[in-house]
Q: 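Dropping a structure here in structure tokens format, bear with me for questions.
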Amino acid sequence: GVNRHDHHPEKGKALSREDIKKDILLIKQFNFNAIRTSHYPNDPYLYELCDEYGIFVMDEANYETHGLGGKLSNDPQWTHAFMERTNRMVMRDKNHPSIIIWSLGNEAGRGPNNAAMAAWIHDFDITRPVHYEPAMGSPREEGYIDPSDPRYLKPNDHAHRIGNPVDQYYVDIISRFYPGIFTPELLINQKNGDNRPILFVEYSHSMGNSTGNMKEFWDIFRTHPRLIGGFIWEFKDHGLVKKDDLGKPFFAYGGDFGEKRHDGNFCIDGMVASDGRPKSAMYECKRVYQPIETSLIDANDALVKIKNRHAVKNLQDYLIKISLLEDGIELWAKMLPTYKLAAGADTTISLKPLLPILKKDCEYLLNISYQLNENKPWADKGFEIAANQLILTGLAKSDKVPTTFPKVKVVSVEDGYKLRSAHGEEITIRKKDGALVSYKYQGTEQIAHAFLPHFTRPQTDNDRKGWKPSKVLKVWYDAKPTLIDLTVDSSTSGIVTVVSKYMIVRESATAEVMYSFNGNGVLKVTNQLRVSKGLPNLPKVGMQGGIRKAYDQISWYGRGPQENYLDKRSGMDVGIYKLPITAFIEPYVYPQEN
């Protein structure tokens with residue numbers, strides 16, 4: 001699921017039906033199956049669309065006190081206001097089949113007034129569970145006591161209650177915010193007799209470059225029946241279009257309108273941009289949530305396991321397309337016959353009879369795609385619902401690389417070593433810091449700024465506002481490579497190797513950069529870091545330098561085309577991609593690592 005607010009970059013909260021439909025279409029097309037109306041009942045049109053498209057809804061009352069906590073919920077003068085918020089929502093929306101959960105509100109503490117809200121809903125509507133995240137952690141006596149037992153809420157004995165806490169009796173769901181990967185199983189393993197379903201009503205905070213580890217979360221969720229999923233915070237950025245002094249539009253946020261009190265860019269926290277453009281997080285979630293999963297069991301026989309995760313739908317409702325990539329280039333694509341597989345079932349099949357003989361010196365990837373076999377209100381026939389990429393071979397190492405090379409000319413000048421190939425390519429390693437400062441190809445300089453070891457990266461929003469690596473990992477942010485040794489080795493025919501050795505952190509970390517330059521003008525750079533125990537984790541390991549600004553295109557063989565990381569790469573397949581640098585860079589509203 002996803003938490004959704006009403007927002008439009010020019011209209012603010014005044015959305016048209018078309019604006020609402022655009023949001024819901026996007027949510028459905030990216031395999032989300034639930035929406036939490038954070039934190040107020042929505043326009044009735046949203047529920048009509050969810051009824052039609054098949055999207056679950058947690059309908060949430062317009063109730064949040066935030067900093068006041070449970071003050072008002074414990075005041076009987078406010079009981080009627082609390083009840084109005086709940087009753088009006090339920091009475092208006094009760095006939096929408098998309099609504100599967102009633103939520104009492106958000107971040108408002110707890111008290112008797114919340115219990116009254118829940119009691120009224122339970123009495124009025126016996127078909128839907130009640131949710132309220134702040135209703136957590138009641139102290140209890142040792143040994144489980146049923147909530148209906150009069151001893152459950154004995155007054156004035158909190159000091160004597162011990163053991164794992166049990167959430168308030170008036171909610172039907174154990175709800176939590178922002179879990180770590182360890183949290184789900186921690187809740188599962190509590191020995192407190194509580195077997196209510198567990199839901200993470202806000203998690204995977206999607207501010208800036210984030211929403212990693214979704215696959216790891218869902219591997220755990222799918223292992224335990226009590227874990228019923230969660231709602232990501234949140235769907236869309238809340239930027240408003242404003243123009244700069246040159247008339248160029250940008251997405252403005254807190255402080256950009258001259259207001260003194262604001263929360264900065266904390267409203268820029270969605271998986272889609274303010275204008276609805278999906279970010280990489282959406283593609284990651286689509287793959288993690290997909291209702292059909294194909295995994296490789298045996299590469300030699302192209303043996304694959306197909307799992308139909310649907311609750312109802314048979315696999316025969318899908319078109320299936322497979323394609324074969326050779327070193328990133330599509331060799332062929334074909335449609336498979338309709339395949340029957342019941343909801344919840346899995347099967348193993350071999351695709352080897354469909355494949356040609358694979359060459360030994362190439363990498364082969366098999367793509368499989370499941371597509372709609374008919375038009376739907378929210379997508380046309382052929383729209384991809386699920387896909388996987390199967391790695392049939394390892395990355396091939398070419399055996400065509402020559403083993404002998406023409407002679408490399410080495411010249412020691414005052415400030416560096418110049419290495420020149422037989423074809424005229426020339427590199428320069430600077431003596432004072434061992435840095436690569438020049439690479440001339442066909443007489444044209446390629447380097448604009450010296451290349452040196454580098455161990456930090458720009459911070460993300462969640463870095464700055466969250467765990468603050470610039471403080472926690474300060475030793476790496478302060479690190480300055482200091483050259484302690486520079487050697488030149490010409491002993492291998494046709495190859496000259498320059499090794500720059502650096503002190504990175506005194507007595508704790510050293511780096512060694514080896515430049516191997518051969519007579520054909522090819523430069524290979526090997527960067528090795530040695531770190532002693534006791535230092536914190538590294539923000540990043542690599543080199544930093546500069547190249548000619550004229551290079552404004554990029555092509556690569558790897559995952560893409562969206563940005564991806566070790567913890568956010570399930571939704572991005574390997575291929576050959578080409579982009580302008582301006583499109584390659586993710587245009588985060590607040591600039592950050594990408």
Side-chain angles (χ1 to χ4, degrees), residues 1 27-34 50 52-56 97-98 100-101 184-185 188 195 197-200 214-230 283-324 333-355 365-392 570-571 573:
I27 288 169
K28 179 69 175 181
Q29 290 172 354
F30 277 85
N31 284 335
F32 290 84
N33 70 0
C50 291
E52 181 181 4
Y53 295 168
I55 298 177
F56 297 138
S98 57
I100 62 164
I101 301 170
E185 292 185 330
I188 286 284
N195 292 313
I198 296 169
L199 175 74
F200 298 101
M214 287 304 296
K215 182 182 183 300
E216 288 78 5
F217 269 122
W218 277 85
D219 285 347
I220 297 170
F221 291 174
R222 289 185 170 116
T223 306
H224 301 282
R226 275 186 70 197
L227 299 173
I228 62 172
Y283 294 91
E284 181 75 357
C285 287
K286 179 171 183 175
R287 183 65 59 85
V288 172
Y289 294 163
Q290 65 187 15
I292 311 160
E293 185 72 13
T294 308
S295 53
L296 188 65
I297 304 297
D298 187 330
N300 292 328
D301 290 324
L303 198 64
V304 300
K305 179 182 178 181
I306 301 174
K307 170 70 175 176
N308 184 357
R309 291 179 179 150
H310 280 291
V312 177
K313 191 182 287 290
N314 194 298
L315 222 61
Q316 66 186 1
D317 293 339
Y318 290 97
L319 304 170
I320 306 177
K321 177 184 177 182
I322 62 171
S323 59
L324 185 68
K334 60 179 67 176
M335 303 302 296
L336 297 184
T338 301
Y339 194 82
K340 290 185 179 181
L341 185 64
D346 59 68
T347 189
T348 303
I349 62 173
S350 175
L351 297 175
K352 190 167 186 178
L354 302 173
L355 303 179
L365 302 167
L366 185 67
N367 292 337
I368 185 162
S369 170
Y370 301 88
Q371 305 167 359
L372 293 179
N373 67 352
E374 61 181 6
N375 291 335
K376 299 286 186 182
W378 47 272
D380 293 335
K381 178 181 178 180
F383 181 81
E384 184 175 274
I385 300 297
N388 287 102
Q389 186 173 72
L390 310 175
I391 303 171
L392 297 180
S570 300
D573 289 331

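Positions are given from 1, in the same order as the sequence printed here.
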Q: Determine whether the aromatic ring centres of Phe217 and Phe200 lie less than 6.0 Å apart.
A: no
Q: I need the full list of salt bridge (charged side-chain N to carboxylate O under 4.0 Å, His left out) pairs touching residues 378-392, with sequence neighbours left out, sorted by first then second residue.
A: none
Q: Measure the spacing between OG1 of Thr338 and CG of Leu315 and express it to the nearest 0.5 Å.
A: 9.5 Å
Q: Test Ile292 against Ile385 for side chain to side chain contact (heavy atoms under 4.5 Å, CB included), laying out the working first.
A: CA-CA 8 Å; Ile292 311 160; Ile385 300 297; 5.5 Å; no
Q: Look at Glu284 together with Lys286 and state whether they make a salt bridge at an N to O cut-off of under 4.0 Å.
A: no
Q: Would you say the side chain of Leu355 lies within less than 4.5 Å of the side chain of Leu366, judging by non-hydrogen atoms?
A: yes
Q: Mind listing the closest non-hydrogen atom pair of Val288 and Arg222 along with its distance?
A: O-NH2, 3.0 Å
Q: Taking only residues two or more places apart in sequence or in another chain, which ones pass ring-ring contact (aromatic ring centres under 6.0 Å, His included) with Tyr370?
A: none
Q: List the steps and the verdict of side chain to side chain contact (heavy atoms under 4.5 Å, CB included) for Met214 and Cys285.
A: CA-CA 7 Å; Met214 287 304 296; Cys285 287; 4.3 Å; yes
Q: Test Leu324 against Leu392 for side chain to side chain contact (heavy atoms under 4.5 Å, CB included), laying out the working first.
A: CA-CA 10 Å; Leu324 185 68; Leu392 297 180; 3.9 Å; yes
Q: For Tyr339 and Ile349, run side chain to side chain contact (heavy atoms under 4.5 Å, CB included): C-alpha distance rounded to whole Å, both residues' side-chain angles, the deciding distance at 0.1 Å, then the answer.
A: CA-CA 11 Å; Tyr339 194 82; Ile349 62 173; 3.2 Å; yes
Q: Please check if atom CZ in Phe56 has more than 12 non-hydrogen atoms from other residues, nucleotides or ligands closer than 6.0 Å.
A: no
Q: Within the side chain of Lys215, is there an N or O that forms a donor-acceptor pair under 3.5 Å with the backbone of Ser570?
A: no
Q: Below 3.5 Å, can you tabulate the donor-acceptor pairs from side chains in residues 301-312 to any protein atom, sequence neighbours excluded?
A:
{"from": "Lys307", "atom 1": "NZ", "to": "Gly344", "atom 2": "O", "distance (Å)": "2.9"}
{"from": "Asn308", "atom 1": "OD1", "to": "His310", "atom 2": "N", "distance (Å)": "3.0"}
{"from": "Asn308", "atom 1": "ND2", "to": "Lys313", "atom 2": "O", "distance (Å)": "2.9"}
{"from": "Asn308", "atom 1": "ND2", "to": "Leu341", "atom 2": "O", "distance (Å)": "3.0"}
{"from": "Asn308", "atom 1": "ND2", "to": "Ala342", "atom 2": "O", "distance (Å)": "3.3"}
{"from": "Arg309", "atom 1": "NH1", "to": "Gln290", "atom 2": "O", "distance (Å)": "2.9"}
{"from": "His310", "atom 1": "NE2", "to": "Tyr318", "atom 2": "OH", "distance (Å)": "2.7"}

Q: When rounded to the nearest 0.5 angstrom, what distance separates CH2 in Trp378 from NZ in Lys28?
A: 5.0 Å
Q: May I ask you to test the Pro184-Ile198 pair for a side-chain heavy-atom distance under 4.5 Å?
A: no
Q: Check whether more than 12 heavy atoms from other residues, nucleotides or ligands sit under 6.0 Å from atom CD1 of Ile100, and answer yes or no.
A: yes
Q: For the side chain of Asn373 and the backbone of Asp317, is there at least one donor-acceptor N/O pair under 3.5 Å apart?
A: yes
Q: Could Asp298 and Lys352 be called an ion pair, given the rule that one side-chain N must be under 4.0 Å from one carboxylate O?
A: no
Q: Looking only at heavy atoms, which two atoms of Pro377 and Tyr53 are closest? And how far apart?
A: CB-CE2, 3.7 Å
